[in-house]
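The residues of the chain are indexed from 1 along the displayed sequence. These numbers come from a predicted model, not from an experiment.
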Amino acid sequence: MPLLAGLLLEQLLSQAEKAEIILLEKGNYVSFANCGLPYYIGGVIKDRNALFVSTPESIESKYHVDVRINSEVIAINPENKSVTVKINNTYELTYDKLLISTGSTPIHPQLEGFERENVLTLWNLSDTRSYL
């Protein structure tokens with residue numbers, strides 16, 4: 001979950017404390033410090049866990065949000081006000097209001113040499129394995 005989405009979530013929660021909020025995250029982590037990744041692979045940050053800003057448990061505890069990691073939304077069905085969610089199987093989840101935070105992906109520029117195996121991107125925690 002990008003930091004911006006986290007700030008938006010915090011603002012929404014302060015305005016609607018009694019709302020039922022479900023946060024669906026496609027990956028394993030809901031919040032980590034991207035800016036700390038170079039410091040982690042460079043050895044300045046020694047403990048990988050120091051990169052985690054929030055965990056599903058901390059968000060659930062602090063904000064009373066139902067956090068579901070490894071949950072990919074594969075379809076939005078506006079006529080039914082539902083989304084189709086894929087984990088191991090698929091299921092429908094209905095909503096009253098839907099907030100979409102799509103995240104990002106690294107840009108792979110069309111530059112000579114970019115396709116070489118020693119040219120890497122650093123975007124998320126999984127990418128750090130390529131460097132370590």
Colleague: Could you pull out all donor-acceptor pairs under 3.5 Å where a side-chain atom in residues 67-79 meets a protein atom, sequence neighbours excluded?
Modeller:
from  : atom 1 : to    : atom 2 : distance (Å)
Arg68 : NE     : Asp66 : OD1    : 3.4
Arg68 : NE     : Asp66 : OD2    : 3.1
Arg68 : NH1    : Tyr91 : OH     : 3.0
Arg68 : NH2    : Asp66 : OD2    : 2.7
Asn70 : ND2    : Asn28 : OD1    : 3.4
Ser71 : OG     : Arg68 : O      : 3.4
Ser71 : OG     : Ile69 : O      : 3.1
Asn77 : ND2    : Ser82 : OG     : 3.2
Asn77 : ND2    : Thr84 : OG1    : 3.3
Asn77 : ND2    : Glu92 : OE1    : 3.0

Colleague: Decide yes or no for Val65 and Ile22: does some side-chain heavy atom of the first lie under 4.5 Å from some side-chain heavy atom of the second?
Modeller: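 No, side chains not in contact.
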Colleague: Which pairs with one or both residues in residues 111-123 pass side chain to side chain donor-acceptor pair (under 3.5 Å), sequence neighbours excluded?
Modeller: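 Qualifying pairs: Ser104-Trp123.
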Colleague: Can you tell me how far CG of Leu93 sits from CG of Leu98, rounded to the nearest 0.5 angstrom?
Modeller: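 The CG atom of Leu93 is 9.5 Å from CG of Leu98, to the nearest 0.5 Å.
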Colleague: Is the shortest side-chain heavy-atom distance between Val85 and Leu24 below 4.5 Å?
Modeller: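 A side-chain contact under 4.5 Å exists here.
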Colleague: Flag the pair Phe52 / Ser31 as yes when at least one side-chain heavy-atom distance between them is below 4.5 Å, and no otherwise.
Modeller: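 When only atoms from C-beta onward are counted, Ser31 and Phe52 do not touch, as no gap falls below 4.5 Å.
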Colleague: Quick check on Asp96: does its CG atom have over 12 non-hydrogen neighbours (other residues, nucleotides or ligands) under 6.0 Å away?
Modeller: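 No - once you tally the heavy atoms of other residues, nucleotides and ligands closer than 6.0 Å, there are 12 at most.
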Colleague: Got a sec, which residues hit side chain to side chain contact (heavy atoms under 4.5 Å, CB included) with Ser126, two or more places apart in sequence or on another chain?
Modeller: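 Once residues adjacent in sequence are excluded, the partners of Ser126 under the side chain to side chain contact (heavy atoms under 4.5 Å, CB included) criterion are Asn124, Arg129.
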Colleague: Would you say that more than 12 heavy atoms from the other residues, nucleotides or ligands in this model lie under 6.0 Å from the CG of Asn89, or not?
Modeller: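 Atom CG in Asn89 is crowded, with more than 12 foreign heavy atoms closer than 6.0 Å.
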Colleague: Would a 4.5 Å heavy-atom cut-off, applied to side chains only, mark Asp127 and Leu120 as touching?
Modeller: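 No. Closest side-chain heavy atoms not under 4.5 Å.
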Colleague: So, using side chain to side chain donor-acceptor pair (under 3.5 Å) as the criterion, who are the partners of Thr55 when residues are at least two apart?
Modeller: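 Expected list: Glu57, Ser58.
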Colleague: Find the distance between NE2 (His64) and CD1 (Ile59) and round it off to the nearest 0.5 Å.
Modeller: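 The distance works out to 13.0 Å.
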Colleague: Could you give the distance from CG (Leu23) to OG (Ser101), rounded to the nearest 0.5 Å?
Modeller: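 The distance works out to 8.5 Å.
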Colleague: In Å, rounded to the nearest 0.5 Å, how long is the span from CG of Leu125 to CZ of Phe32?
Modeller: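 Nearest 0.5 Å value for the CG-CZ distance: 5.0 Å.
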Colleague: Are Leu111 and Ile107 connected, step by step, through hydrophobic side chains (Ile, Leu, Val, Met, Phe, Trp, Tyr) whose heavy atoms are closer than 4.5 Å?
Modeller: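 No: no chain of side-chain contacts under 4.5 Å links Leu111 to Ile107.
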Colleague: Give me the atom names and distance for the closest heavy-atom approach of Ala50 to Ile45.
Modeller: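 Closest pair (atom of Ala50, atom of Ile45, distance): CB-CG2, 4.0 Å.
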Colleague: Enumerate the residue pairs fulfilling side chain to side chain donor-acceptor pair (under 3.5 Å) with a member in residues 37-48, sequence neighbours excluded, ordered by first and then second residue.
Modeller: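 Side chain to side chain donor-acceptor pair (under 3.5 Å) check on residues 37-48 returns Tyr29-Arg48.
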